[in-house]
Amino acid sequence: MDKLDVLIIGGGISGLASAWWLARSGLSVEVWEANKRPGGKIMSTSQDGYLTERAASMVLNFRPEVAELVRGAGLESSKTARLPAAEARRYLLHQGSLKALPMRLGAMVASPLWSLRGKLRLLAEPFIFSSGRADEPVSEFITRRLGHEILEKAMEPFIAGTLAADAEQTSAAAVMPRLAELERRYGSIGAGILVNRVLCRRTACTTETFSFRGGMSALVEVLSKSPGVNMRTGHSAEELVREGDGWQIAAVTPRGQRTVSAHHVIVATPAPAAAALVASSDKYLAELLRGIGYARLAVVHTGLARDSVGHPLDGTGFLAPKGESAILTGNMWMSTLFPDRAPPGKILLTSYLGGARAPQVADWDDSHLADEVLATLRPLIGLKTDPEMVRIDRHHEALPLYHGAYQARMQAIAARLQHIPGLHLEANYRGGVSVRDRLVCGHAVANHILGTRRWESVERKRSEKTGMSGENAVYPIDSISHALE
Ligand SMILES: Cc1cc2nc3c(=O)[nH]c(=O)nc-3n(C[C@H](O)[C@H](O)[C@H](O)COP(=O)(O)OP(=O)(O)OC[C@H]3O[C@@H](n4cnc5c(N)ncnc54)[C@H](O)[C@@H]3O)c2cc1C
C-alpha cells in the first residue's frame, strides 16, 4: 500500500493550491479527483471562437501569496490583465435602465442614484455604534452603518450577483470581513478607510485583476501538472479511516478499488461530500458540514456581433438589485474585460441566474433561460439581433451560502478538527469563495501541515529519549511555531 505524506481529496482549485504549496516543500502529495479532469468548478471552454468560463472568470488579487504562486508556477507570462480599473465602469439596473455606479466620493454625492436623504444618512456613519453581534446579517450591518439605500442599491445586488446569496441571511463578518474589521478596529468604516488609505500608500499595497491566456483552466492545468503534484483523476474517495498516527483512504478508480495511507488528509470537496467522508470519524462534524447550504446557478453565455448592440459596453457589466425584479442577478461584459474572449468584431456577455434569490430559475430548460436573458438584455443594452452563440453552464452546488450563524458553525468545525489529528477541511465553504481566498487558504493549510510535521519530529525524538508518547496531543499552530522558535 502506498504511504504518502499528504493525500488531498478533491482536485478543484482548493485542493490543487494546497498540493502545489506542499509539493514545493518536498512532501509526497497525491490529489484524488472524482472527475476525469482536474479543476472542479473552474473550466474554460472555446466555442465558435468565444472563450467562456463555467465558474471563476478572473482573480482579484491583493495578497502576496497569490503573486508568489503565480510566479512560482511559471504563470506570470500567461497572465492577461483586465480592463484597467479606471476604465472599468460598473453599472446598476435602476428603474428599468442601466446607470453607472459612482466610484468616487465626489461622483457619489452628485449621483442621481441616491436620494438627498440617503446621502445625508451616509454622513452619520462615523457616529453609529457597533451591534456587537458575531453573525449580524449583511442587510442589518449595512442598513445600520450606511443606511437602507446603500443596502438596496449597492450591497444587496453585490451579494446576490457575486455570491448568489441573500443579504438578509448572509453573515457580514464572513463575506465582508474587511468592513466588519474596520468597524471593530476604528468604530467606523469611513474612518477606517481613511486610515488604511494612508497606510496602503506607505506600504504600496497593489490590487490587480487578471486571468490567463486560454482562461482560468490554464491555472488549474499548470498546478495539476506541477512537479511533485501527483494528480489522479477518476479517483472517487469513498472511505476515510483513522489508522495509527495517520489515515487509510479508499477510492473507487477506473481500475477498481485503491487504498493508500497518509499522515495527513486534506478534504477539499464541497461540504456534502466532505460530510459523507468524515461521518465515520466524527458524526457531529459531519452534521455541521451537512448544515451548509449551496446556491444553484445557471450561467448563460451569449456571443454577438458588436454592431448588434447599441450600448458602448464601457465597463465590467451590471448588477440587478432585487427590487428591479429582473430575472438575472448580473451580466458581465466579458469581452470588454478581456478582449481575447470573443473573435474580432464580436462580443461575449455572460449572465448569472438563480442563486438564493430565485433558486428555481436555475432549473429552467435551456431555451427558456436563453429567451429570458435576451428579453432582459434587449431594452437595456439596445440588443437588435439574436446571438450567434449561446452556451449554458449549470451548477447544482454553485457556491456555499455563508448564511445564518456561519461564524459559529465555522468555530464549531475548527473545534472538532482540533481533536482529529491529520484531518484538514479546505474548500470554499471555509475562508472565502474567491480563487484568491482559495490560493491563500491552500498556503495556510500547507504551512499548518509543515508546522505540525516539524513538531511531530521534535516530539518523536523526545519520546524516543523519554519513552513517553504524545500521539494524541493536539497543538494549535501558534503553539507549534512558538515551540520551534
Ligand atoms: C458561476 C461562478 C462564477 C464564479 N466567478 C468567480 C470569479 O470570477 N472569481 C473568483 O475568484 N471566484 C469565482 N467563483 C468562485 C470559485 O470559482 C469557486 O469558489 C472555486 O472554484 C471552488 O473551488 P473548490 O476547489 O473549493 O471547489 P470545487 O471546484 O467544487 O472542487 C471540488 C472538487 O472535489 C471533487 N470531489 C467531490 N467529492 C469527491 C470525492 N469523494 N473524491 C474525489 N473528489 C471529489 C469534485 O469533483 C470537485 O472537482 C465563481 C463560482 C461560480 C460557481
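Whatever order the structure lists ligands and atoms in, that order sets their numbers, starting from 1.
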(message) With heavy-atom distances below 4.0 Å as the criterion, list the atoms of ligand 1 near L399.
(response) 15 (C), 51 (C)
(request) Could you tell me which atoms of ligand 1, counted from 1 in the order shown, lie closer than 4.0 angstrom to a heavy atom of H235? (result) 42 (N), 43 (C)
(message) Taking the side chain as everything from C-beta on, heavy atoms only, tell me whether P270 gets closer than 4.5 Å to K41.
(response) yes
(message) Can you tell me which residue among I8, V260, V265 is in a side chain to side chain contact (heavy atoms under 4.5 Å, CB included) with W32?
(response) V260
(message) Could you tell me if Q360 and D363 have a donor-acceptor pair between their side chains, going purely by distance under 3.5 Å?
(response) no
(request) Run the numbers on H264 and D5 for side-chain contact (heavy atoms from CB on, under 4.5 Å), then give the verdict. (result) CA-CA 6 Å; H264 291 262; D5 290 324; over 6 Å; no
(message) Show me which atoms of ligand 1 lie under 4.0 Å from any heavy atom of I42.
(response) 21 (O)
(message) As an exercise, identify every atom of ligand 1 less than 4.0 angstrom from a heavy atom of V299.
(response) 1 (C)
(message) Need the ligand 1 atom indices (1-based, order shown) with element for anything under 4.0 Å from a heavy-atom of A268.
(response) 32 (C), 34 (O)
(request) Could you check atom 19 (O) of ligand 1 against the protein and tell me its nearest heavy-atom contact, residue, atom and distance included? (result) V433 O, 2.6 Å
(request) Assess the side chains of Y294 and R296: does a donor N or O sit below 3.5 Å from an acceptor N or O? (result) no
(request) Any atoms of ligand 1 less than 4.0 Å from a non-hydrogen atom of W32? List them with their elements. (result) 43 (C), 44 (N)
(message) Give the atom numbers and elements of ligand 1 that come within less than 4.0 Å of a heavy atom of A273.
(response) 38 (N)
(message) I need the nearest protein heavy-atom contact for atom 44 (N) of ligand 1: residue, atom name and distance, please.
(response) A34 N, 3.1 Å
(request) Could you list which atoms of ligand 1 come closer than 4.0 Å to a heavy atom of K41? (result) 28 (P), 29 (O), 30 (O)
(request) Measure E53 to ligand 1 on non-hydrogen atoms and call it side chain, backbone, both or neither using the 4.0 Å cut-off. (result) neither
